[in-house]
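Report on the structure given below.
Naming: A, B, ... by sequence-line order, numbering from 1 per chain. All values below come from the heavy atoms of this structure, side chains included, with hydrogens, waters and symmetry mates left out.
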Amino acid sequence: MSWINILIPGILLGGYYALLASGLSFLFGVMRIINLAHGSLAVLAAYAIWIMADRHEINPFIGVLILLPFMAMLGWALHRLIFERSLKGGALIPILSTFGLAMLIDNLLFQNFGADTRSLAPYVDSLAYDSWELPGNVYVGQLSVIVFVTALLVLGGLHLLLAHTHLGRRIRAAAQDSDAAQLVGIDARRTYAIASAIALMLVALAGLSLALRTTFDPYAGPLQLIFAFEAVVIGGAGSLWGTLLGGVILGVAQSVGAHVHPQGFLIAGHLVFLIILIARLYVLDRLAVGLRRLRGGSQ
Amino acid sequence: MSLLQINELVASHGLLTAVRGVSFNVEEGEILALVGANGAGKTTLFRTIAGIHKADSGRVMFQGKDVTGVEACRRVAGGIALVAEGRRLFPDMTVEENLKLGASSGRKGTWDIARVLEAFPQLKKVFKSRASHLSGGEQQATAIGRALMSNPTLLLLDEVSLGLSPLAVDGVYASLQHLIDAHTTIVLVEQDLNRTLAVAHRIICMLEGEIVADGKAADMSREQVMEHYFGTHRSTHGEAVA
Amino acid sequence: MSMNNTVAVQRWTRLSIASISLVVLFQLVLAFAPLFLSANAVDRLTTLFIYGILALMWNALAGYGGLVSIGHQAFFGLGAYGAIRLADAGMSVYPALFVAAALVAALSLPISVVMLRLRESEFAVGMWVLAALAHLLVNLDPLIQGETGTSLIALNAYAPDVRRAYTYWTALFAMVGLAWWVFWLLRGRLGTAAQSIRDNEEAAASVGVRVLSAKRTLFVLSALGCAVAGALWVATTISFQPKTYFSVQWSAFMLFMVLVGGIGTFEGPIIGAVLFFAVETAFGATGVWYMIGLGGTALVFALLIPKGIWGTIESRFGIRLLPVGYFLKSDRST
């Protein structure tokens, strides 16, 4: 048993977490909302793709393409009905409303689909189990690699969108200062609604990956939210590439934890989250202040 | 018909009423200065005209149309631009990006990046720099340039010389001459009374959210304006010393 | 504010004096309830008191400290776990409930140092992670046997009737004690700090209101209260399954009670607890539809009635039954 065989699956798992967290991170970066229904929405997307595969024999990879425009519309609607109103109500309301939404989604899913666990793995031949052999007797799961590459593409695409397109500039402007954005003629409401639509399309991809990698049930959402949140916070809230780093650190920690103790998978993930949180609060912040002083600048 | 008509406008922050029933008109091509101490309600009035502050009551009419309930971004498309207090640039973006965003409303006109750089030549060398790295004068020039990119019919300037060195203020005002020559309608708030009297056609003095004087700049002396500024002509406490 | 107004600061109104007297009287009546109520009614009231404690504590933190936690099931579960551990070590059951809660409160102090540095939703989910971690760690204890759980066997030392009455009194005592404690805290310096946190936290900090110490007090108090509630829950149900106790559902219940009753009001969480209790009694058997209803109601209240029932009544009619804030009584003298 070599460390490579623990490390590589951990890094690839991190790709899944980064993909899962991308929507959460994006929405937080734009609107400063942590959508507590994020995990539940991913599970909702997983069920939608599962229905298409199970009842209508639509390949999950086609299914997710069909789903994307609907998720975008859902994102738009969620913004108009919930996020926008919550933001006006102060700092606490978005937490309360999105948590209520999560409860609603989880239990409606349970009402419709019952407690059975599902998976999309049976609908993609043996992709979920196939692996490539690398030199040195190292195996990597094909699906894990695909998910990791998807995460890279998604984060890279988001980066290009934000840095180099007119829409991206508008989104950044509205995120930095919504009043100033309005004053230069940007419709901040519409921009936020578009950002929500993008976030929900990312959620659809996360839901697909979740359902291909493993099994899910109606109450799987909250744990996915916690994973996504941990990845976002570890990587530095609101930063896209930080989210990838955060996902990888979380994945590796869980992978190592699982190797150390049968129950170590989750415990290690949570512990690393807390350790990094404490480190950031007490060590890194001071380090940053010190560096700034050394440079002598105020900016 | 006046370009801008303000009718019995009331605006407040929570319990504090900042603008108390203000009415005035602005004619096309006019340069109007709003004068008053801090807290007189000028900034709130500007924000309400621009649409990022909600009016409690009263009306804002622009080119004969009631825009009181219209969102700020639509007012920009209609031709109202505000250079807000504190400049409100997007700090992480370059001068170029800030200027490009100024054209978001898609309003047609003669202003483009080339013309802004002509009017504010100091921006040429910092064109690719982030806004947060600029000097105060350069930031202010970017903010005005960004507002001009929307080709406004009415330009509202809130304290454009605040925090700038005298030299930088000269630069900004020299550039404003371009607008004045082009007959852009301008309403400005300025603490420097000498400059205000030099540039404005008309002066409105505000005190505690109300208009206390309104007249041609040529008819007002510096001392008269100062009296209204501090409200010394109608109250006995308060010091008339600058 | 104009100069020609005379303003008097008022705390006690005639209405509030009357309602305080009624509250005290009602509490005395409740103390004698086991003597004349049926066993089932006593059990149900005990449950109601535990809901009351949870609502009061969550409101103390969210309504006065401005901190929404989705992870207070951590303290609920740890309170129960602590009681089982202490009873297993030979401590008498009822004292063990309180000692366990005190230990959890002590543990919450170092936790608060880290968690209170987090802002808003980061705090909310950060607490949730903490609860998940606490759950996993408790599962590692051989006494608990993982998700199988264990029972508070020591309770068998009491006859069922005696046990029922003892648990009832303990719950009543805990709820009344915690409620008066919150009441007393809010009337002191902490009340002023809490008010400032609600109005504008940054401004409050800049004028020297000790925001952080107020938040820490409320955090530790809420941990203590939730731990007492957890310990009492295990005393009523006897069985301890980690999954049930560390479930995020407890946070959902607390959020529901406080949000519907009226966040940041003293009376709100009590009304919310009674309402939740009634809803649970009526619809709890419908299972998932009941949970759908709770989620939907929470969402609607958050978006449309964020002040909750009591907050809306208070602001519409300007009445306050329990005098925790101050009123400005002004007479126009012109």
Subject >> Inter-residue atom distance Phe229(A).CZ - Glu122(C).CD, 0.5 Å rounding >> reply: 5.5 Å
Original post:
By a 4.5 Å heavy-atom criterion (distance strictly below it), what part of Phe83(A) contacts chain C: side chain, backbone, both, or neither?
Top reply: neither
Original post:
Given that the side chain runs from C-beta out, which part of Leu81(A) has a heavy atom under 4.5 Å from chain C: side chain, backbone, both or neither?
Top reply: backbone
Original post:
Is the number of heavy atoms from other residues, nucleotides or ligands within 6.0 Å of CZ (Arg213(A)) greater than 12?
Top reply: yes
Subject >> Leu140(C) side chain reached by Ile267(A) side chain, heavy atoms, under 4.5 Å >> reply: yes
Original post:
Atom CE of Met115(C) and atom CG of Leu277(A): how far apart are they, to the nearest 0.5 Å?
Top reply: 6.5 Å
Original post:
Nearest heavy-atom pair of Ile93(A) and Ala302(C): which atoms, and what distance?
Top reply: CG2-O, 3.4 Å
Subject >> Ile292(C) versus chain A, the contacting section by heavy-atom distance below 4.5 Å >> reply: both
Original post:
Is it the side chain or the backbone of Leu274(A) that comes within 4.5 Å of chain C heavy atoms, both, or neither?
Top reply: side chain
Original post:
Looking at Leu259(C), Leu67(C), Ile70(C), which makes the most heavy-atom pairs under 4.5 Å with chain A?
Top reply: Ile70(C)
Subject >> Contacting moiety of Val113(C), where chain A heavy atoms sit under 4.5 Å >> reply: both
Original post:
Which value, rounded to the nearest 0.5 Å, describes the distance between Ile82(A) atom CD1 and Leu299(C) atom CG?
Top reply: 4.5 Å
Original post:
More than 12 foreign heavy atoms under 6.0 Å from CZ of Arg85(C): is that the case here?
Top reply: yes
Subject >> Heavy-atom pair count under 4.5 Å with chain A, highest-scoring of Gly287(C), Ala298(C), Ser121(C), Gly296(C) >> reply: Ser121(C)
Subject >> Evaluation steps, side chain to side chain contact (heavy atoms under 4.5 Å, CB included), between Phe99(A) and Val248(C) >> reply: CA-CA 11 Å; Phe99(A) 186 67; Val248(C) 71; 3.9 Å; yes
Subject >> Smallest separation among heavy atoms of Gly66(C) and Leu92(A), with atom names >> reply: O-CD2, 3.5 Å
**OP:** Among Ala62(C), Gly295(C), Gly146(C), Ser251(C), single out the residue with the greatest number of heavy-atom pairs under 4.5 Å to chain A.
**Re:** Gly295(C)
Original post:
So do the side chains of Ile34(A) and Glu120(C) get within less than 4.5 Å of each other, counting heavy atoms only?
Top reply: no
**OP:** Would you please go through residues 124-134 of chain C and name the residues with a non-hydrogen atom below 4.5 Å from one of chain A, in numerical order?
**Re:** Ala124(C), Val125(C), Gly126(C), Trp128(C), Val129(C), Leu130(C), Ala132(C), Leu133(C)
Subject >> Pairs involving residues 224-233 of chain A, ordered by first then second residue, that meet side-chain hydrogen bond (donor to acceptor under 3.5 Å, both in side chains) (sequence neighbours left out) >> reply: Tyr16(A)-Gln224(A), Glu230(A)-His270(A)
Subject >> chain C contact via Gln111(A) - side chain, backbone, both or neither, heavy atoms under 4.5 Å >> reply: both
**OP:** Please round to the nearest 0.5 Å and tell me the distance separating atom CG of Leu266(A) and atom CG of Leu137(C).
**Re:** 11.0 Å
**OP:** Answer with side chain, backbone, both or neither: which region of Leu108(A) has an atom nearer than 4.5 Å to a non-hydrogen atom of chain C?
**Re:** both
Original post:
Pick from Thr297(C), Leu136(C), Leu304(C), Leu294(C): which one has the most heavy-atom pairs with chain A under 4.5 Å?
Top reply: Leu136(C)
Original post:
What part of Leu225(A) is in contact with chain C, defined as an atom under 4.5 angstrom from a non-hydrogen atom: side chain, backbone, both or neither?
Top reply: side chain
Original post:
Would a 4.5 Å heavy-atom cut-off, applied to side chains only, mark Leu96(A) and Phe301(C) as touching?
Top reply: no
